[in-house]
Amino acid sequence: MPLFLFVILFGLSMDYQVFVVSRIREAVMRGVPTRQAVVDGIGTSAGVVTSAAVVMVTVFAAFVFLHLAEMKQIGFSLATAVLLDAFVIRVLILPSAMTLLGRAAWWPFHPAPHGVPAPGGVTTRV
C-alpha cells in the first residue's frame, strides 16, 4: 500500500511542481530577478494549483465513506498528502528554496541579464 500511494502522489505532485516552476522559469528567462520571479510564478499559478488541490482532496475524501477499509485508507492518505503537498510544499518550501538558491537554481539555463533581450526577442525589465 505505501508504494502504491507514493507512486500516485509522486505523479500528482510532479504535475503541479512543473506547472509552478515553469511560471517561475519564464519570469527568470525574461530577466526578472529571482525573488520577484518566485512571487510572480506563485501568484499566477496559485489559483489553478489551489483549485486542483481542492478538487482532488474532495474526491479522495469521498473514498473515506466507502465500505472497504483499503479504500478508506487510500482516500484518507491521498487527501492528507495532497493537502500537505499543495499548501506546505507549494506555499512554504518551494518559494523559500527558490529564493535562497537565487540564480543558482537555474544553472543549466542562462537567464538573460537585466536589460538584455531574452530568447524570442523580448526585452527584459531593467
Side-chain angles (χ1 to χ4, degrees):
M1 183 71 71
L3 181 62
F4 175 72
L5 292 174
F6 175 76
V7 169
I8 291 174
L9 289 172
F10 186 78
L12 290 174
S13 68
M14 290 289 38
D15 287 344
Y16 296 106
Q17 184 79 5
V18 168
F19 182 69
V20 173
V21 173
S22 294
R23 296 294 129 334
I24 296 170
R25 182 180 176 270
E26 287 170 1
V28 168
M29 295 303 285
R30 287 191 313 266
V32 176
T34 303
R35 182 178 294 265
Q36 186 60 39
V38 169
V39 170
D40 293 347
I42 299 291
T44 57
S45 61
V48 174
V49 172
T50 303
S51 299
V54 168
V55 168
M56 286 191 293
V57 167
T58 304
V59 169
F60 293 145
F63 290 1
V64 174
F65 300 107
L66 297 176
H67 297 291
L68 295 171
E70 293 83 10
M71 294 305 287
K72 289 181 181 194
Q73 290 174 350
I74 289 172
F76 179 77
S77 300
L78 289 175
T80 304
V82 167
L83 273 173
L84 287 173
D85 180 57
F87 297 109
V88 174
I89 305 294
R90 303 289 173 264
V91 174
L92 297 174
I93 295 174
L94 176 68
S96 59
M98 296 298 288
T99 303
L100 287 173
L101 287 170
R103 294 181 68 82
W106 309 107
W107 67 268
F109 309 103
H110 299 288
H114 299 294
V116 175
V122 178
T123 303
T124 61
R125 290 190 213 176
V126 177

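Everything numeric here is computed off the predicted structure, so don't read it as measured data.
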So does Gly41 get a backbone contact from the side chain of Thr44, meaning a donor-acceptor N/O pair under 3.5 Å?
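Checking the backbone N and O of Gly41 against the side chain of Thr44, a donor-acceptor pair under 3.5 Å is found.
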Looking at Ser96 and Ile93, would you say the former's side chain and the latter's main chain have a donor-acceptor pair under 3.5 Å?
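Yes, because the side chain of Ser96 sits within donor-acceptor range (under 3.5 Å) of the backbone of Ile93.
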Would a hydrophobic clustering, with Ile, Leu, Val, Met, Phe, Trp and Tyr connected at side-chain separations under 4.5 Å, put [X] with [Y]?
X: Leu78; Y: Val54; result: no
X: Ile8; Y: Ile89; result: no
X: Val59; Y: Tyr16; result: yes
X: Val64; Y: Leu5; result: no
X: Val21; Y: Phe87; result: yes

Of the non-hydrogen atoms in [X] and [Y], which two are nearest, and what is the gap between them?
X: Val57; Y: Ala79; value: CG2-O, 3.7 Å
X: Gly102; Y: Thr34; value: C-OG1, 3.5 Å
X: Arg90; Y: Ile42; value: O-CD1, 3.9 Å
X: Phe63; Y: Gly75; value: CB-CA, 3.5 Å

How many angstroms lie between atom [atom1] of [X] and atom [atom2] of [Y], to the nearest 0.5 angstrom?
X: Gln17; Y: Ser22; atom1: CD; atom2: OG; result: 9.5 Å
X: Thr80; Y: Leu9; atom1: OG1; atom2: CG; result: 10.0 Å
X: Leu68; Y: Gln73; atom1: CG; atom2: CD; result: 10.5 Å

Determine, step by step, whether Phe4 and Glu70 satisfy the side-chain contact (heavy atoms from CB on, under 4.5 Å) criterion, reporting the C-alpha distance in whole Å, the side-chain angles of both residues, the deciding distance to 0.1 Å, and the verdict.
CA-CA 12 Å; Phe4 175 72; Glu70 293 83 10; over 6 Å; no
